[in-house]
Amino acid sequence: MITLETAGFKPRSDLVRTLLERGHIYQASDLEGLDRAAAERVITAYIGFDATAPSLHVGSLVQIMTLRRLQQTGHRPIVLMGGGTTKVGDPSDKDKARPMLTDAFIAGNIAGIKRAFTPFLTFGEGPREAVMVNNADWLEKLGYIEFLREFGAHFTINKMLSFEFVKNRLENDLSLSFLEFNYMLMQATDFVELNRRFGCTLQFGGSEQWGNIINGIELVRRLEQKEAFGVTAPLVTTASGAKMGKTADGAVWLNAEMRSPYDYWQFWRNTEDADVGRFLRLFTELPLDEIARLEALQGAEINAAKKVLADEATTLLHGREAAETAAGAAKAAFEQGTLSGDLPTVEAPRAELEAGLTAARAFVLAGLASSNGEARRLAQGGGMRINDAAEKDADRKLTLADLSDGVIKLAAGKKKIVLLKPSP
């Protein structure tokens with residue numbers, strides 16, 4: 001990863017300095033040239049997001065924060081929705097083709113994804129205000145022969161075969177469709193089109209997009225005779241090697257209806273000790289000297305830094321009130337042993353509770369275990385708690401008599417709590 005030290009120069013622009021200080025840059029096509037340009041004029045930059053799900057998850061947050069830093073330092077972000085490219089599917093980090101999605105499904109996903117950007121970017125018509133566009137607007141209008149003549153002529157099969165995902169598929173005798181093979185041409189076409197429409201000269205992306213970004217830079221230079229730049233962010237993994245955005249209980253979605261503010265707050269609160277400083281730099285706007293103080297905390301004191309991370313990250317996405325509510329619910333549940341209406345709550349069929357619901361079944365219903373077997377292992381390992389009491393017997397029957405204030409408090413370990421209530 002490129003840092004202030006490894007960059008080998010003192011940035012002139014707020015943009016490059018901020019991205020380096022915060023850890024947003026892994027690779028750059030011409031960092032000094034970008035720094036020079038950003039110091040002299042307003043830069044327009046984009047990131048593309050394919051619409052494969054109804055929400056983005058935390059794995060995309062580093063890209064969203066990159067656009068936020070771009071705008072905060074006086075430049076213009078473009079959020080590119082991949083209404084066209086989603087119909088092909090990005091093969092860059094995949095060993096098999098994505099499922100084909102319908103137009104209606106893609107449109108629904110785009111509507112859901114759009115909501116994730118509102119808390120982070122200011123949209124409008126001004127020279128520094130963000131815009132959101134859909135590459136279906138131009139890709140779907142291109143005739144096949146027109147596409148091949150204008151863009152395909154600038155790509156050699158030799159270079160396309162050198163891409164890692166292509167070599168991986170071929171060397172492992174995995175299928176690579178001609179449809180997928182065209183994705184890199186389509187992404188490069190996006191850069192050219194955004195340059196023509198908005199004067200866009202910079203593409204951001206994840207590290208797996210490096211080859212596609214370089215293709216776009218070269219195509220802009222060939223067709224438009226203009227300078228263009230590319231920057232990738234590091235793949236964000238936890239200290240234990242897990243990929244950011246996935247947890248044992250599913251993806252950490254950004255939309256509130258798919259991941260509640262309380263659960264989102266808990267995700268950040270459960271950050272590994274070794275990741276606290278890095279995540280504070282990437283995902284909050286705390287001053288760097290304050291982050292240095294927090295990441296230097298040792299032992300149990302590091303938990304205070306994790307709560308700050310949870311508060312700040314949740315505030316950016318869901319607002320200060322939601323963050324304070326989530327923090328209060330967590331404090332009540334974990335530190336005071338009391339219940340809060342803001343804790344995650346699920347319903348169990350009343351008939352099952354009346355007849356006697358096994359603890360294992362209750363934990364599966366609550367999403368605290370993926371199966372009865374996992375619930376039993378949780379109980380045997382001492383991690384199952386019911387109404388704050390340890391429970392070793394996963395076959396214990398829970399009934400309406402176990403309700404306290406109308407709910408049964410279930411906890412997996414010390415950090416995951418769900419309230420179970422009977423259905424009406």
Side-chain angles (χ1 to χ4, degrees), residues 15 41-56 60-90 92 101-143 146-147 150-151 182-206 209 212-213 215-217 219-220 223-224 226 228-233 254-255:
L15 171 63
R41 61 182 185 272
V42 175
I43 293 290
T44 298
Y46 88 97
I47 302 178
F49 299 87
D50 278 348
T52 56
S55 170
L56 298 177
S60 297
L61 190 58
V62 67
Q63 305 296 351
I64 297 173
M65 290 298 294
T66 298
L67 290 179
R68 183 175 173 87
R69 313 274 189 215
L70 175 86
Q71 189 170 49
Q72 288 177 327
T73 54
H75 303 281
R76 189 186 195 190
I78 297 175
V79 178
L80 178 64
M81 292 286 99
T85 44
T86 303
K87 294 180 179 180
V88 174
D90 185 359
S92 300
L101 304 178
T102 66
D103 287 358
F105 194 82
I106 292 171
N109 287 349
I110 289 175
I113 289 170
K114 284 181 176 180
R115 298 203 302 274
F117 293 93
T118 305
F120 295 95
L121 300 174
T122 301
F123 289 87
E125 300 299 324
R128 292 175 175 81
E129 291 179 314
V131 295
M132 183 175 288
V133 295
N134 187 336
N135 62 17
D137 292 346
W138 53 86
L139 290 176
E140 292 185 354
K141 293 177 182 176
L142 286 172
E146 175 191 359
F147 176 72
E150 184 173 4
F151 305 110
N182 278 272
Y183 188 93
M184 62 184 84
L185 279 74
M186 295 172 71
Q187 185 166 322
T189 302
D190 287 341
F191 203 164
V192 171
E193 190 65 33
L194 292 173
N195 181 270
R196 291 171 176 172
R197 293 183 179 215
F198 301 99
C200 179
T201 56
L202 171 60
Q203 182 182 357
F204 291 112
Q209 294 295 320
N212 289 332
I213 291 174
N215 279 340
I217 291 171
L219 197 60
V220 169
L223 294 180
E224 305 302 307
K226 295 178 181 177
F229 307 98
V231 171
T232 65
L254 300 184
N255 289 12

Do [X] and [Y] make a side-chain contact, defined as non-hydrogen atoms from C-beta onward lying under 4.5 Å apart?
{"X": "L223", "Y": "R196", "answer": "yes"}
{"X": "V79", "Y": "F49", "answer": "yes"}
{"X": "K87", "Y": "D103", "answer": "yes"}
{"X": "L219", "Y": "F151", "answer": "yes"}
{"X": "Q203", "Y": "I217", "answer": "no"}

Test salt bridge (charged side-chain N to carboxylate O under 4.0 Å, His left out) on E224 and R197; report intermediate values, then the result. CA-CA 12 Å; E224 305 302 307; R197 293 183 179 215; over 6 Å; no

Are F191 and Y46 an aromatic pair by the rule of ring centers under 6.0 Å?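 Close enough - the centres of the two rings lie under 6.0 Å apart.
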
Only one of N109, L61, L254 clears side-chain contact (heavy atoms from CB on, under 4.5 Å) with L56; which?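 The single option meeting the side-chain contact (heavy atoms from CB on, under 4.5 Å) with L56 is L254.
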
Looking at V133, D137, L139, which hits side-chain contact (heavy atoms from CB on, under 4.5 Å) with N135?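 So, applying the side-chain contact (heavy atoms from CB on, under 4.5 Å) to N135 and each of V133, D137, L139, only L139 qualifies.
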
For [Y], does its backbone N or O pair with a side-chain atom of [X] as donor and acceptor, under 3.5 Å?
{"X": "N255", "Y": "G112", "answer": "yes"}
{"X": "Q71", "Y": "T122", "answer": "yes"}
{"X": "T86", "Y": "D50", "answer": "no"}

Verdict with supporting geometry, L80 and I47, side-chain contact (heavy atoms from CB on, under 4.5 Å): CA-CA 6 Å; L80 178 64; I47 302 178; over 6 Å; no

For E129 and R76, what are the C-alpha separation, side-chain angles and deciding distance, and is it a salt bridge (charged side-chain N to carboxylate O under 4.0 Å, His left out)? CA-CA 6 Å; E129 291 179 314; R76 189 186 195 190; over 6 Å; no

Apply side-chain contact (heavy atoms from CB on, under 4.5 Å) to M132 and K114, showing your working. CA-CA 9 Å; M132 183 175 288; K114 284 181 176 180; 3.1 Å; yes

For a side chain to side chain donor-acceptor pair (under 3.5 Å) check, start with the C-alpha distance between D190 and Q187, then their side-chain angles and the critical distance, and finish with the verdict. CA-CA 5 Å; D190 287 341; Q187 185 166 322; over 6 Å; no

